[in-house]
Q: 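The structure under discussion is supplied below as structure tokens; questions concerning it will follow.
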Amino acid sequence: MNYELFKTFSKIGAFTFGGGYAMIPMIEAEVVDKHHWISKEEFLDLIAVAQSCPGVFAINISTFIGFKLRRYTGAVVAATGAALPSFLIILLIALFFHRFKDVPWVEAAFNGIRPAVVALIAVPTFNLAKTANITLANCWIPIVTALLIWLLGVNPILIIIVAALGGYLYGKFISPTENENG
């Protein structure tokens with residue numbers, strides 16, 4: 001199992017470009033769909049926790065999945081598998097990048113990669129919205145949240161605390177009333 005965890009997260013770490021959020025579809029395909037290590041609902045919960053914790057998202061999510069499967073050993077194996085390929089690739093780029101950074105076609109390639117990375121991040125965002133049951137009735141929550149952080153500089157930790165409190169209050173006082181009536 002440890003070898004399979006390492007192999008799976010190494011493949012994810014080596015072949016996913018665009019950062020942790022771009023990894024979400026590949027992690028989900030491997031962990032939920034292919035290996036059936038966790039359910040889709042558990043995966044969504046782990047994404048929320050991984051986003052809430054300090055540190056690199058890809059390392060957080062791989063650590064949580066590894067821990068869920070094999071406790072501390074699984075956490076270390078999965079996190080190492082996710083980080084090692086990226087570390088080695090960045091190390092190689094760092095060794096040689098200064099020689100090529102001013103080459104026009106290299107600069108053009110990086111200019112082309114930037115918009116693709118935005119798309120790689122947007123797709124999992126929309127997929128997560130569907131999984132989290134974001135509808136027209138409640139889509140104002142992520143929109144207002146994003147605007148508060150982006151335009152007003154509200155601390156994301158405050159957003160998480162307010163969202164948790166709001167979810168608790170909704171579940172405690174509003175949701176039971178809806179269940180009794182519906």
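For clarity, every value in this text was computed on a predicted model and none was experimentally measured. We number each residue from 1, following the sequence as shown.
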Q: Does Thr80 reach the side chain of Phe9, with side-chain heavy atoms less than 4.5 Å apart?
A: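 Sidechains of Phe9 and Thr80: no contact.
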Q: At what distance, to the nearest 0.5 angstrom, does CG of Asp33 lie from CZ of Phe43?
A: 9.0 Å
Q: Given the rule that I, L, V, M, F, W and Y join up when any side-chain heavy atoms are under 4.5 Å apart, are Phe110 and Phe96 in one cluster?
A: yes
Q: Can you check whether Leu152 reaches Leu147 side chain to side chain, under 4.5 Å on heavy atoms?
A: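 The answer is no; the side chains never approach within 4.5 Å.
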Q: Taking atom CD as the centre, does Glu107 end up with more than 12 heavy-atom neighbours from other residues, nucleotides or ligands that are less than 6.0 angstrom away?
A: no
Q: Test of understanding: clusters of I, L, V, M, F, W, Y form through side-chain heavy atoms closer than 4.5 Å, transitively. Do Trp140 and Leu148 belong to the same one?
A: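 Yes, because Trp140 and Leu148 connect within a single hydrophobic cluster, where side-chain heavy atoms sit under 4.5 Å apart.
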Q: Test: side chain to side chain donor-acceptor pair (under 3.5 Å). Region: residues 5-14. Which pairs qualify, not counting sequence neighbours?
A: Thr8-His35, Lys11-Glu30
Q: Does Leu158 share a hydrophobic cluster with Ile141, counting links as ILVMFWY side-chain heavy atoms below 4.5 Å and allowing steps through other members?
A: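 Yes, Leu158 connects to Ile141 through the hydrophobic network.
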Q: For the pair Asn60 and Thr63, evaluate side chain to side chain donor-acceptor pair (under 3.5 Å) and give the outcome as yes or no after the intermediate values.
A: CA-CA 5 Å; Asn60 290 349; Thr63 301; 5.7 Å; no
Q: Could you check whether atom CD1 of Ile157 has more than 12 heavy atoms from other residues, nucleotides or ligands sitting under 6.0 Å from it?
A: no
Q: When Ile61 is tested against each of Ile12, Ile27, Ile24, Val31 for side-chain contact (heavy atoms from CB on, under 4.5 Å), which residue passes?
A: Ile27
Q: Hey, what do you get for CE (Met26) to CD (Glu28), rounding to the nearest 0.5 Å?
A: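 Those atoms lie 13.0 Å apart.
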